[in-house]
Each structure stands twice: as C-alpha cells, then as structure tokens.
Amino acid sequence: MNVAIMGYGVVGSGVAEVLKKNHESILKKSMQSTLELKYILDIRDFPGDENESLIIKDFDTILHDESVGIVVETMGGLHPAFEFVSACLQAGKSVVSSNKELVAAKGDVLLRIAEEKNVSFLFEASVGGGIPIIRPLSQCLAANEIDEMYGILNGTTNFILTKMIDEGLDFDTVLRMAQENGYAEKDPTADVEGHDACRKICILASLVYGTHVYPDSVHTEGISKIDLADVEYAKNWGGVIKLIAQAKKVDENRLSAIVSPAFVPGSSQLANVHDVFNALLVRGNAVGDVVFYGRGAGKLPTASAIVADVIDCCQQDGTKKAYGWKSCEENIVVDYLDQNTALYIRAEAQAPQEALAAVRNTFGAVTVLTRKDAPETEIAFVTPVDTERALRTKLDTLHSVKPLSVLRIAEC
Ligand code: HSE
C-alpha cells in the first residue's frame with residue numbers, strides 16, 4: 001500500500017516523520033506487506049529536505065497512480081482541499097484529513113462519496129489534535145444519548161488565556177509564541193475569533209446528533225476583547241475564563257450550540273486545562289460525565305492521530321470505514337438568545353452605589369464582584385439565570401451603566 005500526503009506544512013511533515021520513525025510497528029499494525037510514503041504534494045520547494053525527492057506539484061500524479069490507496073490531506077483551507085479530497089474518494093482512494101474547515105463545511109458531502117465508493121474518510125485529527133475523540137464518541141459511547149458537550153477545543157486561545165491568567169502577559173506577545181510553536185492556524189484570526197473551535201464543535205455535534213451542523217448556524221465569539229480586568233474578576237468569582245465550545249440537545253430535533261469565552265467555575269475539570277491542552281467533557285445519559293484530555297495542537301500529537309487513521313484505513317482495506325451523518329435541510333440550531341444562562345457584566349457607572357441599586361432592582365439577586373485597584377467608576381456583577389434575551393433586554397434598560405464586558409457563565 002502506498003500513501004501520499006497533500007500539504008507539507010507543520011502537520012504534513014509530522015506525518016512523514018511519524019511514518020518513518022515508527023515504520024516497523026506501523027507496518028505490522030497495518031496488516032499490509034508494504035506501507036510506503038510515495039508522494040508529498042506541495043506548491044513550495046523544500047531544498048535539502050530529507051523528503052525532497054518525494055515532493056510533487058501536480059495533484060493528478062496522485063490521482064492517477066493506482067498504487068496510492070490512502071491520501072493524507074493536511075493542506076488546510078476549503079479550496080482546493082475539497083476538490084482534491086472529493087476526487088481522491090471518487091477514484092476509490094481512502095482519505096485521512098486533519099482539516100476541520102473542510103470537515104465542518106463539507107463533511108456530509110465527503111462522507112456520502114466515501115460511502116458510495118466503499119472507501120474510508122477519517123478525520124480523527126480534525127478535533128482535539130492528538131486526543132482520541134471522534135472514534136470514542138462514535139463507537140465507545142454509541143450506547144448513550146449525549147445530552148451535552150463542553151469543550152476547550154482550541155490550543156492557541158487556551159495557551160493565550162493561560163499566559164494572560166498566570167503571567168499577566170499581553171495578548172500579542174503570547175499569540176506570537178503560539179505561532180512560533182506551530183499551534184496557530186495560518187491566519188490566527190480563526191483561532192482568536194473562535195472560528196476554529198466553532199468548526200470543531202460542529203464536527204462533534206454532527207457526529208453525535210447525526211445531522212450536519214454548519215459553522216454559520218453557531219453563534220461564535222472569540223477572546224480578542226478579553227481584558228486583564230475580566231481575568232481578575234473571574235479569579236475573584238472563583239474560576240477562570242476559557243473559550244468554551246458547547247452543544248446541547250434541546251429536543252429530538254433541535255440542539256443549542258455556541259462558542260464563546262465564559263467564566264468556568266474552579267471546581268470544573270475544564271478549569272484545570274492549561275496551555276495548549278484541549279479537553280472535552282461529554283455528558284452521556286448512561287455513562288455520566290466523561291472527559292477527554294490531551295495535546296490539542298502541534299506537529300507530532302496531530303500526526304499521531306492521522307497515522308492511527310492511516311493504519312485504520314489499511315486494516316479496513318476493501319471495506320469502507322466512514323462515519324455517517326445526513327445533510328441538514330433546515331437549521332437545527334436554536335437561537336442562543338433563547339437559551340438560559342447567567343451573565344457576568346463589567347460596566348462603567350458614574351455613581352456606582354446608585355447604579356448597583358438599579359442593577360439589583362432590575363436583575364434581582366446579583367453577585368457583586370470586586371478587584372484590587374479597580375477604577376472608582378467600575379462595577380462588576382453576575383446575574384441570576386434567565387434567557388440571554390431577557391438578561392440583555394434588562395441590561396439595555398439600565399441607563400446609568402455602560403457595559404464594558406459581558407461574558408456567559410458556563411455550566412460545565
Ligand atoms: N490552531 C489550532 C489550535 C490547531 O490552536 O488548536 C489545532 O487544530
């Protein structure tokens with residue numbers, strides 16, 4: 001069996017490295033007589049690279065080579081990844097992808113082609129990097145109804161928030177560190193503004209609830225507006241700020257899904273997920289809470305998940321191994337404003353005591369938060385639980401306060 005890699009960036013080169021480093025044991029587990037890396041497709045040149053002789057620039061070379069049975073897609077982005085992966089599946093080749101943008105946008109279409117062609121389309125590395133999540137969710141927890149999932153699914157933002165919380169470092173410095181370590185996306189906006197985490201929760205929700213959940217249908221907020229003052233208030237409240245991606249079953253046909261920074265109580269297992277680590281808390285109706293934890297980004301952890309999928313494709317040679325979910329005909333994600341939550345609100349108020357009296361009058365029993373060296377005109381509080389729409393409507397009526405920051409309280 002021959003393998004081709006499309007995209008020789010951080011992750012693609014990690015795949016080549018793992019295939020070479022662990023060749024003997026991988027070959028044994030693959031149950032093939034041979035397992036060779038034959039091509040690496042990339043538009044760039046890699047003079048002096050140990051795999052220079054394998055680099056090609058023409059996708060058709062892979063497509064028309066019948067000896068290539070498995071194609072690893074680590075190009076990222078939607079185009080031309082979608083066209084290349086579709087063509088490979090149509091040609092009867094199995095595909096392993098780490099590309100969450102692709103799976104989140106086109107997973108339903110690609111899974112259908114894989115099924116028609118009786119080949120595998122696997123994407124364990126697309127969520128949680130090296131952490132086994134996709135396979136355990138679809139197989140080991142298959143007996144459960146999954147009531148809800150809460151995830152820290154983006155390593156870059158978790159790394160940034162951890163450094164802000166622990167070391168008081170500024171956002172730009174930490175983002176640069178994440179990029180140097182190869183955690184961040186090519187365009188880090190996808191990390192920082194929550195789009196990467198959104199794609200990942202969409203993949204998990206599609207897998208668990210059986211219908212494609214499109215990223216556009218999920219309300220998404222990033223961490224770029226988080227201020228060190230919010231970090232301090234979260235600490236004094238008894239928790240931390242994390243970028244939480246969540247999906248919950250609302251009823252048989254609908255679910256809620258949202259990605260946003262949130263206050264996470266210190267007692268939650270997710271509060272102790274630091275640096276580039278990712279975690280997913282799954283609440284099943286038979287098993288209870290299960291937490292998956294590990295390195296969610298980086299060259300070798302991601303390559304580890306990809307190569308495991310390659311071995312799986314080899315073992316399934318001749319029979320398909322693809323997950324299944326149907327395309328979505330109408331939006332199944334409910335409006336986040338109709339969901340219950342408590343809100344943390346930091347605001348400016350010229351007359352803080354009067355403003356807090358008005359806050360209590362409007363919201364009822366709020367928890368007032370304080371921090372050292374806060375400006376005299378700053379107030380902060382956590383509201384009781386209500387629908388987000390009701391809470392925001394009440395906030396709009398408070399003319400004596402100017403909101404500076406509004407964050408949700410996560411129930412994980
Ligand atoms: N940029 C992603 C992250 C890479 O930081 O988690 C792994 O998907």
Side-chain angles (χ1 to χ4, degrees), residues 1-42 46-56 61-63 65-76 84-85 88-89 91-99 114 118-136 138-140 181-182 276 278 292-323:
M1 173 79 73
N2 286 326
V3 177
I5 296 173
M6 303 193 294
Y8 197 48
V10 174
V11 176
S13 61
V15 173
E17 188 179 326
V18 172
L19 283 173
K20 188 171 176 186
K21 186 163 139 186
N22 298 340
H23 185 259
E24 284 312 309
S25 67
I26 290 169
L27 181 61
K28 210 182 282 170
K29 289 170 200 158
S30 73
M31 300 184 331
Q32 300 286 320
S33 50
T34 59
L35 185 65
E36 298 305 325
L37 177 57
K38 189 163 182 186
Y39 304 115
I40 298 173
L41 179 74
D42 203 293
F46 295 87
D49 186 279
E50 61 175 322
N51 291 312
E52 192 182 0
S53 63
L54 305 182
I55 306 276
I56 55 164
T61 308
I62 294 173
L63 189 63
D65 186 336
E66 285 185 5
S67 79
V68 174
I70 301 170
V71 180
V72 172
E73 186 271 307
T74 48
M75 305 162 67
F84 287 4
V85 169
C88 289
L89 293 170
K93 300 177 194 299
S94 287
V95 175
V96 173
S97 176
S98 61
N99 186 342
N118 202 32
V119 291
S120 301
F121 176 53
L122 301 180
F123 40 85
E124 181 65 63
S126 65
V127 181
I131 317 169
I133 291 180
I134 304 272
R135 199 168 282 108
S138 65
Q139 292 175 3
C140 316
N181 283 319
V276 74
N278 281 195
F292 300 90
Y293 170 84
R295 290 186 182 278
K299 181 175 175 169
L300 295 182
T302 309
S304 150
I306 292 174
V307 175
D309 275 351
V310 169
I311 294 171
D312 214 355
C313 289
C314 291
Q315 292 171 343
Q316 305 293 330
D317 192 15
T319 53
K320 76 177 164 60
K321 181 81 184 293
Y323 305 107

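Values reported hereafter were calculated over all heavy atoms of this structure, with side chains retained and with hydrogens, waters and symmetry mates removed. Predicted model only: the values in this text are computed from it and were never measured.
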Distance check, rounded to the nearest 0.5 Å: Ile311 atom CD1 versus Ile306 atom CD1? 12.5 Å
On a heavy-atom basis, the closest approach of Ser67 and Lys38 is OG-NZ, 3.2 Å
Answer yes or no: is there a donor N or O on one side and an acceptor on the other, between the side chain of Thr74 and the main chain of Gly7, under 3.5 Å? yes
Begin with the C-alpha distance, continue with both residues' side-chain angles, and end with the deciding distance and a verdict on side chain to side chain contact (heavy atoms under 4.5 Å, CB included) for Met1 and Glu36. CA-CA 7 Å; Met1 173 79 73; Glu36 298 305 325; over 6 Å; no
At what distance, to the nearest 0.5 angstrom, does SG of Cys314 lie from CG of Leu27? 8.5 Å
Euclidean distance, Cys313 SG relative to Leu122 CG, rounded to 0.5 Å: 4.5 Å
Hey, does the side chain of Thr302 reach the backbone of Gly298 with a donor-acceptor pair shorter than 3.5 angstrom? yes
Answer whether the closest heavy-atom distance between the side chains of Phe46 and Asn51 falls below 4.5 Å. no
When every non-hydrogen atom of Val119 is compared with those of Gly92, the smallest separation belongs to CG1-O, 3.3 Å
Do Glu124 and Pro136 come close enough that some side-chain heavy atom pair is under 4.5 Å? yes
I'd like to know if the side chain of Ser94 and the backbone of Ser120 have a donor-acceptor N/O pair within less than 3.5 Å. yes
Mind listing the closest non-hydrogen atom pair of Gly294 and Ile131 along with its distance? N-CD1, 3.3 Å
Does the side chain of Cys88 reach to within under 4.5 Å of the side chain of Val85, using non-hydrogen atoms? no
So Arg295 and Asn278, do their side chains get closer than 4.5 Å, heavy atoms only? no
Would you call Val68 and Val3 a side-chain contact if the rule is heavy atoms closer than 4.5 Å? no
Pairs flagged by salt bridge (charged side-chain N to carboxylate O under 4.0 Å, His left out) wherever residues 20-31 is involved - sequence neighbours left out: Lys20-Glu50
When rounded to the nearest 0.5 angstrom, what is the spacing between CD1 in Ile62 and CG in Asn2? 11.5 Å
Nearest heavy-atom approach of Leu63 to Lys93 is O-CE, 3.3 Å
Hey, could you give me the CD1/CG distance between Ile55 and Leu41, rounded to the nearest 0.5 Å? 9.0 Å
Do Val310 and Val72 come within less than 4.5 Å of each other through their side chains, counting heavy atoms only? yes
Is it true that the side chains of Asn99 and Glu73 contain a donor and an acceptor less than 3.5 Å apart? yes
Under 3.5 Å, is there a donor-acceptor pair between the side chain of His23 and the main chain of Leu35? yes
From CG (Leu19) to CD1 (Ile5), nearest 0.5 Å: 6.0 Å
Check whether any side-chain heavy atom of Tyr39 lies under 4.5 Å from a side-chain heavy atom of Asp65, and answer yes or no. yes
Exercise: identify the closest heavy-atom pair between Ala303 and Val18: CB-CG2, 3.9 Å
One pair to check against side chain to side chain contact (heavy atoms under 4.5 Å, CB included): Ser98 and Phe123. What are the steps and the verdict? CA-CA 6 Å; Ser98 61; Phe123 40 85; over 6 Å; no
Considering all heavy atoms of both residues, which atom of Tyr8 and which atom of Ala16 are nearest to each other, and what is their separation? CE1-CB, 4.2 Å
Find out whether Arg135 and Asp309 are in side-chain contact, i.e. whether some heavy atom of one side chain is under 4.5 Å from a heavy atom of the other. yes
Any sub-3.5 Å donor-acceptor pair from Gln315's side-chain atoms to Met31's backbone N or O? no
